[in-house]
Structure formats: structure tokens, C-alpha cells
Amino acid sequence: MDRHIVLIGMMGAGKTAVGGELARRLGARFIDSDSEIESAAAMTIAEIFARDGEDFFRARESEVLRRLLAAAPSVISTGGGAWLRAENRDLIRQNGLSVWLDVDLETLWNRVRMRSTRPLLKTADPKGTLTTMLDSRRPHYSTAELVFPVRGGDSVEQTASRLTQAIREKHPELLGAR
Ligand code: S3P
């Protein structure tokens, strides 16, 4: 690959699962930026939010992205808020292909509702929060270089397979002669 493939989109979009599978298919390294933040801090994302707050987390997130994007091309999954900072968008655009995993609200909700790992959804009305968040973030996500609509019922394998195909068709330069 001649640059990174960077998956962006909402919590529950499948960035980590699909990213891992996409990397396997392309024979590339896979990195999850949230996991990198957690290992650098030796704390979970929830602990970082609780102890140091969101602004602190966002600063660490930008640092980690900068480091990952400076390394050899890989498949990177980002946290749902990463694309909202202009600084991060610029870095990603300079060093990689941004791919928005566009997933509908009900599918997102069904995936995130049972998990307590997302501090931003610890509200009185988490589904309302998710809805508002998707509405306000969609215009930003839609500026990704590749907008990839995920089909609701598809498995990780099916999604990764369709995505590999989309990248081969729309960005053959990225994969070189492969
Ligand atoms: C966030 C998404 C999370 C994590 C943090 C904030 C967001 O990552 O970075 O909880 O702002 O949407 P995932 O998208 O991997 O859940």
C-alpha cells in the first residue's frame, strides 16, 4: 500500500472488526487507535474520560494519530470522534485514504446498547444521545474520501469483502499492482 487506510465513523460502525479483516485480506498491519491510546496511558478509555476528561483524551488521540500516520502504511481504525477535529482530518488526508463506514442508526444502537465501554453514551437517554451525535457528525463523516455504506445485515467478512472491492475499484493506485 502506498498510504494508510483510515476507517472513520460512529461508535458501533464496526471500524475495529472490519479494519482487522480488511488488513488481513490486504496483508497489511492493523492498528486500532483507541487501543493504542489505552496502552500508552495504561488505562481504559472510560478511565481516561473519568479521570482526565474529554479534552485530555482528545489531545492524546491526536498525538497517537500523528504517530501512527507517520509510520509505514497500515489499516487504522479511529475512535468515533477523531474525524471531528480539523487537525486530525488534515493529518489523515495527507497520509491516507479516509473511509467512512456509514451505518444506519438502528444498527449502531443495537451494537452499542449492551456495552458500557463508551463514556459519551452514559446519559439518561443514550439512544437520544446517539441519534443527536449521528445527526451532528454525519456532515463531517460524509467528507471522507471514500463513503462506504455498510449493509445492515452483512457480516464482518461480507463488509470487508465489499470494502476491499470498493478500494480496488475506486483507489487502485493505493494498492499498487496488486
Ligand atoms: C468516541 C468513540 C470511541 C472512543 C471514545 C469517544 C466518540 O471509539 O474513542 O469513547 O467520540 O465517538 P469507538 O468509535 O471505537 O467506539
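Note that ligands are numbered from 1 as they come in the structure, with each ligand's atoms numbered from 1 the same way.
Nearest to atom 2 (C) of ligand 1 among the protein's heavy atoms is G80 N, 3.3 Å. Of the protein's non-hydrogen atoms, R118 NE, 2.9 Å is the one closest to atom 16 (O) of ligand 1. Closest protein heavy atom to atom 8 (O) of ligand 1: D34 OD2, 2.7 Å. Of all protein heavy atoms, the one closest to atom 5 (C) of ligand 1 is I45 CG2, 3.9 Å. Looking only at heavy atoms of the protein, atom 14 (O) of ligand 1 is closest to K15 NZ, 2.7 Å.
Backbone and side-chain nitrogen or oxygen atoms of T16 are examined, and none is located within less than 3.5 angstrom of a nitrogen or oxygen of ligand 1. For M133, no nitrogen or oxygen atom sits less than 3.5 Å from a nitrogen or oxygen atom of ligand 1, counting backbone and side chain alike.
Heavy atoms of L120 found under 4.0 angstrom from ligand 1 belong exclusively to the side chain.
Using 4.0 Å as the threshold, R137 has a heavy atom nearer than that to some atom of ligand 1. Not a single heavy atom of R115 lies less than 4.0 angstrom from ligand 1.
Salt bridge E173/R3: present, at least one basic N to carboxylate O contact under 4.0 Å. Using a 4.0 Å cut-off between charged side-chain N and carboxylate O, R25 and E157 make no salt bridge. For E61 and R85, the salt-bridge test fails: no basic side-chain N is under 4.0 Å from an acidic carboxylate O. The pair R67-E63 does not meet the salt-bridge criterion, since no charged nitrogen lies less than 4.0 angstrom from a carboxylate oxygen.
Judged purely by distance below 3.5 Å, without hydrogens or angles, the side chains of T143 and R93 pair a donor atom with an acceptor atom. D104 and T107 share a donor-acceptor pair across their side chains, judged by distance under 3.5 Å alone. Remark: the T129 side chain and the T123 side chain contain an N/O donor-acceptor pair separated by less than 3.5 Å. Counting only N and O atoms by type, the side chains of S62 and N88 include a donor and acceptor under 3.5 Å apart.
The closest non-hydrogen atom to atom 7 (C) of ligand 1, taken over G81, S35, A82, P119, comes from G81. Among E61, E54, M10, R58, the residue whose heavy atom sits closest to atom 6 (C) of ligand 1 is R58.
Numbered from 1 in the order shown, with element, the atoms of ligand 1 that lie under 4.0 Å from a heavy atom of F57 read 9 (O). Heavy-atom contacts of M11 reach the following atoms of ligand 1: 2 (C), 12 (O), 14 (O), 16 (O) (cutoff under 4.0 Å). Residue contact check: G79 has heavy atoms under 4.0 Å from atoms 8 (O), 9 (O), 14 (O) of ligand 1.
Contact annotation: the side chain of E145 approaches that of H171 to within less than 4.5 Å [non-hydrogen atoms, C-beta and beyond].
The CG atom of L84 sits 8.5 Å away from the CD1 atom of I8 when rounded to the nearest 0.5 Å.
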